[in-house]
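Residue numbers start at 1 and run along the sequence shown.
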Amino acid sequence: MARYSDKQKAALEALMRDHVYTHAMAIIEDEGLSGLTMERLAQQIGVSRGTIYNYFADRDAVLDYLEDRTFQPLLEETERIAASDASPDAKLAAIIEWVLRSIDEDRALVMAVIPAEREGVRACKKAKRQRQVQDAVERVIREGVEQGVFAPLESAVVVQTFLGAISGLIDAMALSGEFLPPDRTIPVVTQILVGGISNDR
């Protein structure tokens, strides 16, 4: 039996995780969440089911990995936008655009996981992601109020309204099975959410 160095093992694991991500996302896009089984995934990748189990305990672990890998760049970019030198209203508009375009690109996963029950670890991870976005948006709102760009409304309520509106739109599109193109949703959402708290109103 071949022995691998730690570096080789890490490279093999990274390669397997890349294959799992690519093929699992393709299965979900083509067949929906019900099509994603460990057997089907192994078949698509061209390995035994046991090989997949060397890296993932079960289907839920695969789904957790897909969500983490899909949403982590969204969180990082949201943080980057919030920390940028742009004006607060430009930051909020950029966050709206980034979130809606990112969700549109990965709509198969979003459509698959939103209707699913959210329990245990998966629910905790979702809550943690939401908290990260909430913290970034809240910083931008407070900055905008301090600079006089946004009306002096209670920031906690503004943040929850902002996130609730975007989350509600995404949930509604996922549940209906029809994702509106970002070029239609972004201008409307930006007008309502950024224009609605502008100090110019």
Side-chain angles (χ1 to χ4, degrees), residues 1-79 95 98-136 163-182 185:
M1 184 170 165
R3 292 191 167 204
Y4 298 105
S5 69
D6 289 344
K7 190 174 179 180
Q8 288 171 319
K9 285 179 186 175
L12 285 171
E13 181 168 352
L15 183 62
M16 178 56 70
R17 286 180 172 274
D18 282 346
H19 283 312
V20 166
Y21 183 81
T22 301
H23 290 284
M25 291 291 278
I27 291 168
I28 290 171
E29 188 165 349
D30 292 343
E31 305 169 31
L33 192 58
S34 62
L36 182 62
T37 65
M38 298 298 268
E39 182 70 38
R40 181 85 174 90
L41 183 57
Q43 190 179 57
Q44 282 290 102
I45 295 172
V47 298
S48 71
R49 192 169 59 177
T51 299
I52 302 291
Y53 281 113
N54 286 333
Y55 299 95
F56 297 95
D58 53 27
R59 178 178 173 266
D60 282 344
V62 171
L63 197 53
D64 287 343
Y65 173 66
L66 297 181
E67 289 185 65
D68 288 346
R69 184 161 162 173
T70 297
F71 291 115
Q72 190 57 39
L74 190 151
L75 298 175
E76 290 170 2
E77 182 63 10
T78 299
E79 282 291 339
I95 289 170
W98 172 250
V99 168
L100 292 178
R101 287 197 186 281
S102 297
I103 295 300
D104 185 64
E105 286 176 15
D106 294 310
R107 62 184 167 270
L109 178 63
V110 173
M111 287 176 70
V113 300
I114 282 180
E117 295 258 334
R118 310 298 299 171
E119 297 177 352
V121 173
R122 290 176 63 207
C124 289
K125 285 184 178 183
K126 182 179 181 184
K128 184 179 177 183
R129 285 194 302 264
Q130 286 176 334
R131 184 69 201 173
Q132 284 179 264
V133 173
Q134 180 177 327
D135 290 347
L163 297 177
I166 293 174
S167 179
L169 173 64
I170 294 166
D171 285 357
M173 290 191 297
L175 292 170
S176 73
E178 180 187 358
F179 266 71
L180 300 172
T185 58

| Closest heavy-atom contact between M173 and L180? | SD-N, 3.2 Å
| Nearest heavy-atom neighbours spanning S34 and E31 | OG-O, 3.8 Å
| task | Flag yes if more than 12 heavy atoms outside E29 fall under 6.0 Å of its CD atom; otherwise flag no. | result | no
| remark: Looking only at heavy atoms, the pair that brings M16 and T51 closest together is CE-CG2, 3.6 Å
| field | Gap separating the CG atom of D104 from the OG1 atom of T185, nearest 0.5 angstrom | value | 7.5 Å
| said: Check the orientation of F56 and Y65. Use parallel for under 30°, tilted for 30 to 60°, and perpendicular for over 60°. | reply: tilted
| field | Sole residue of H23, H19, M25 in side chain to side chain contact (heavy atoms under 4.5 Å, CB included) with Y21 | value | M25
| query | Taking it one step at a time, do L75 and T78 satisfy side chain to side chain contact (heavy atoms under 4.5 Å, CB included)? | reply | CA-CA 5 Å; L75 298 175; T78 299; 5.7 Å; no
| query | Can you tell me how far the CG atom of D68 sits from the CG atom of L63, to the nearest 0.5 Å? | reply | 10.0 Å
| said: Walk me through whether L100 and I170 qualify under side chain to side chain contact (heavy atoms under 4.5 Å, CB included). | reply: CA-CA 8 Å; L100 292 178; I170 294 166; 4.3 Å; yes
| request: Starting from the C-alpha separation in whole Å, work towards a yes-or-no answer on side chain to side chain donor-acceptor pair (under 3.5 Å) for S48 and Y53. | output: CA-CA 9 Å; S48 71; Y53 281 113; over 6 Å; no
| query | How many angstroms lie between OG1 in T22 and CD1 in I45, if you round to the nearest 0.5 Å? | reply | 8.5 Å
| field | Straight-line distance of R49 CZ to N54 CG, nearest 0.5 Å | value | 13.0 Å
| Do you know the tightest heavy-atom contact between A42 and I52? | CB-CG1, 3.8 Å
| message | Within the 4.5 Å heavy-atom criterion, are Y55 and V62 side-chain neighbours or not? | response | no
| note | Rounded to the nearest 0.5 angstrom, the CD1-CG distance for I28 and L36 is 5.0 Å
| Verdict with reasoning, R59 to L41, per side chain to side chain contact (heavy atoms under 4.5 Å, CB included) | CA-CA 10 Å; R59 178 178 173 266; L41 183 57; over 6 Å; no
| remark: Taken to the nearest 0.5 Å, the spacing of R69 CZ from R17 CZ works out to 9.5 Å
| request: Indicate the atoms forming the closest heavy-atom contact of P182 with R101, along with that distance. | output: CB-NH1, 3.6 Å
| request: Decide side chain to side chain contact (heavy atoms under 4.5 Å, CB included) for I103 and F179; before the verdict, give the C-alpha distance in whole Å, the side-chain angles of both, and the deciding distance to 0.1 Å. | output: CA-CA 9 Å; I103 295 300; F179 266 71; 3.6 Å; yes
